[in-house]
Amino acid sequence: MATTPNRPKIFITRQIPENGVKLLKEHFSVRINKEDRDLTQPELLKKLNGAFGVISMLSNKFDSELLSKLKSLKIISNFAVGFNNVDVKAATERGIAVTNTPDVLTDATADLAFGLLLAVARRIAEGDRLVRAGKFKGWSPMLMLGYDLVGKTIGIVGAGRIGAAVASRGKGFGMKIIYFSRRRNDEMEKLGGEFASLEQLLKQSNFISLNVPLNDATRNLIGKKEIAMMKPNAILINTARGEVVDENVLIAALKKKKITGAGLDVYVNEPKINPDFFKLDNVVLAPHLGSATFKTRAKMAELVARNAIAVLKGKRPPAVVNPEVLGRLSGKK
Ligand code: GLV
Ligand code: GLV
């Protein structure tokens, strides 16, 4: 790709929608990893040599070791709302801005959470497998009965934007909403959501949706004790991060039908999936599709570009995770 000399370099670790690339090209000399795979850490280090910025994916790990070698880097513009792939503390210490893509993916992710919820409750994926296997023998009064949503309780863990958007969909389906978060949330309360402890939420909910970011406080938030509190008819939906749930405990609970089912978009060792999941009919497995709509990904592409351009210009990016570095950055320019 032709690059303009004198312009700061930015590297995009995977192909993203063209509108973002175009915007970046107005300000940067842009290079893109055109391969349909993640680069290894040594490859990433090589590609980022001399780069001002990187448009990174949630699968790119920016740990302190890598960051210590990226002397020219000023911005990690993450193509995701989650930024657990970046050691933000180490980035801040090195004066590197970290940005993300909140808001633009809220509805898409909440839609996917509900898609999984319906798929599990109404056994849609399991039904699809039955039909494809040629085992559909005609309408039957007792075939593949599932669960209603109306009148049921949905417990939402995490009252950020996505959690609130899940609540609004729950309300549309006539569900009772309870939520657990660090503090009361106006959006949730407006939707009729009741603030609850995690224990109350786990004990009362028919459906549980996880919508927290991954950090030290939420890693393994749902473990053995928590799953034991759930109702036997509980259905767990995870569109957050795999590590929020102890996967082995979940698998054991699904096997023994201690809970009714799960709908997962995220996994502990992504993209590796624990093969025990494949043997279970009461789990629906999606390949991390939360934000995967045309419109949302285009908006994310625009936002990652705007975040990077703002840092270049010494302005506050639309979505910055560590604003404390900004003063230092403009001072350096
Ligand atoms: C996707 O998982 C994201 O964090 O945007
Ligand atoms: C992040 O978790 C969000 O709700 O946008």
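Note that ligands are numbered from 1 as they come in the structure, with each ligand's atoms numbered from 1 the same way.
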For His27 versus Pro8, what's the shortest heavy-atom pair and its separation? O-CD, 3.9 Å
Please walk me through it: do Asp38 and Thr13 pass side-chain contact (heavy atoms from CB on, under 4.5 Å)? CA-CA 7 Å; Asp38 284 320; Thr13 69; 5.5 Å; no
Got the residues with a heavy atom under 4.0 Å of ligand 1, by chain and number? Leu58, Ala80, Val81, Gly82, Leu105, Arg241, His288
Electrostatic pair Lys47:Glu43 at N-O distance under 4.0 angstrom: no
Test item: Arg306 side-chain N/O and Ala319 main-chain N/O as donor-acceptor pair under 3.5 Å: no
For the pair Ile222 and Leu202, evaluate side-chain contact (heavy atoms from CB on, under 4.5 Å) and give the outcome as yes or no after the intermediate values. CA-CA 10 Å; Ile222 305 300; Leu202 296 172; 4.2 Å; yes
For residues 264-273, dump all side-chain donor-acceptor pairs below 3.5 Å to protein atoms at least two apart in sequence or in another chain.
unit_1, atom_1, unit_2, atom_2, d
Asp265, OD1, His288, N, 2.9
Asp265, OD1, Leu289, N, 2.6
Asp265, OD2, Leu289, N, 3.0
Asp265, OD2, Gly290, N, 2.8
Tyr267, OH, Leu264, O, 3.0
Tyr267, OH, Ala286, N, 3.1
Tyr267, OH, Ala286, O, 2.8
Glu270, OE1, His288, ND1, 2.6
Glu270, OE2, Tyr267, N, 2.8

